[in-house]
Amino acid sequence: MREWWIHVGLICIPLVAVYLHIPPPQLSPALQKWQSAGQLFHFRGRGIFYRDSYGALGSSDVVILLHGFPTSSYDWNKIWEPLTQRFHRVIALDFLGFGFSDKPRPHRYSIFEQASVVEALVAHLGLSNQRVNLVSHDYGDTVALELLYRSDQNRTGHLTLNSLCLSNGGIFPETHYPRLMQRLLKDSSILSPLLMRLTNFMIFQKGIGEVFGPYTQPTDTEFWDMWTSLRYNDGNLALDSILQYINQRLKHRERWVGALTSTVVPLHMIYGPLDPVNPYPQFIRLYQKSMRSTITILDEHISHYPQLEDPTGFLNAYFNFIHSF
């Protein structure tokens, strides 16, 4: 009997140690470079990380990039330089709870708050009267729809939108299929704290790898950078709160899809058709039926992260859209 308890103790002690404290991984040189090239501004007392690069001479165009869940502004690193060659200013931020921004907990994260973060950044940069181009992905698509709604409703502090380009976001709740871990975290108040603490790099890598195409998987270094930006400031412990955005999409579907169907702002969708989260053809058929929007469907092996899986195709599609109006 005594030996049984000894074995249990030997197993439980390291598990408890892991549960209570897992040191965050070190930033790679590439991620350190990305961070050092950015700045912080404060929104309601919270630090928000952003990058603001000046690019093409003779252009006054501004593009703002809105990243997805659960990653960060670093999602745009493969297309950053080409964008700076086309636009006067290229701006990206880490939403509250993501990347190098503050990750408060407990906190009621919401799409509405993230849209206000973007508006505050635009005001901070002195661009409130500037027409801006939005490019968004995944979670960022829904933030972009709230910004579009505010713009069309002429709300105080709204962005003046020149164009909106979406990519592989769960615009329609009825064609959106969250991953198992996402469903568990957003709906299980009992399991969530345990799952968030015990999720490790291998579990994360398997989960995020499932939404990339088989021929466009991130390298080990790229997987590690995604994991590192998530773990920065213990962001993994805020995932259950952030994931409430899935329920918010359902609750506010009429507001956000309605903004897309009624706007006169030029719209485009860049879509990776192998996406298991927003699968082909259901998603794209509903989008085509509902929107006055142009669409680029990338090669059949491109999945949920088109800007990382096919940066050249993504850029070509986006530049063709920008040159069309």
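- The 12-atom threshold is exceeded at CD of Q288, counting heavy atoms of other residues, nucleotides or ligands nearer than 6.0 Å.
- The salt bridge (Lys or Arg N to Asp or Glu O under 4.0 Å) pairs that include a residue from residues 39-52 are D52-R89, where partners are two or more places apart or lie in different chains.
- Using modelled atom types, one finds no donor on one side chain facing an acceptor on the other under 3.5 Å when comparing S163 with H268.
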- Stepwise ring pair (Phe, Tyr, Trp, His ring centres under 6.0 Å) check, W256 with F112: CA-CA 11 Å; W256 292 329; F112 299 102; 5.5 Å; yes
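- Remark: the backbone N or O of F319 is paired with a side-chain donor or acceptor of H323 at under 3.5 angstrom.
- For the side chain to side chain contact (heavy atoms under 4.5 Å, CB included) with L267, the lone residue among I295, T294, L260 that qualifies is L260.
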- Go through the steps for F283 and Y271 under the test ring pair (Phe, Tyr, Trp, His ring centres under 6.0 Å), then give the verdict. CA-CA 10 Å; F283 170 81; Y271 178 67; 5.3 Å; yes
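- Residues L31 and D225 approach most closely at CD2-O, 3.6 Å, considering heavy atoms.
- Checked against Y305 for a side chain to side chain donor-acceptor pair (under 3.5 Å), the options T71, T216, N168, D138 give a single hit: T71.
- Within a 6.0 Å sphere centred on CZ of R179, heavy atoms belonging to other residues, nucleotides or ligands number more than 12.
- Annotation: salt bridge (Lys or Arg N to Asp or Glu O under 4.0 Å) contacts involving residues 105-128, sequence neighbours excluded, comprise E119-R150.
- Below 30°, between 30° and 60°, or above 60°: for F321 and Y318 the angle between ring planes is between 30° and 60°, a tilted geometry.
- Donor-acceptor pairing under 3.5 Å is recorded for the side chains of Q35 and Y232.
- Partner of F100 under the ring-ring contact (aromatic ring centres under 6.0 Å, His included) criterion, out of Y74, W34, F49: F49 alone.
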- Trace of the ring pair (Phe, Tyr, Trp, His ring centres under 6.0 Å) decision for H88 with Y54: CA-CA 6 Å; H88 173 57; Y54 285 83; 5.4 Å; yes
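- Residues F69 and I203 fall within the same hydrophobic cluster, defined by Ile, Leu, Val, Met, Phe, Trp and Tyr side chains chained together at heavy-atom separations under 4.5 Å.
- Under the 30°/60° scheme for interplanar angles, the aromatic rings of F95 and H67 are found to be tilted.
- Minimum interatomic distance between S290 and T261 (heavy atoms only, all atoms of both residues): O-CG2, 3.2 Å.
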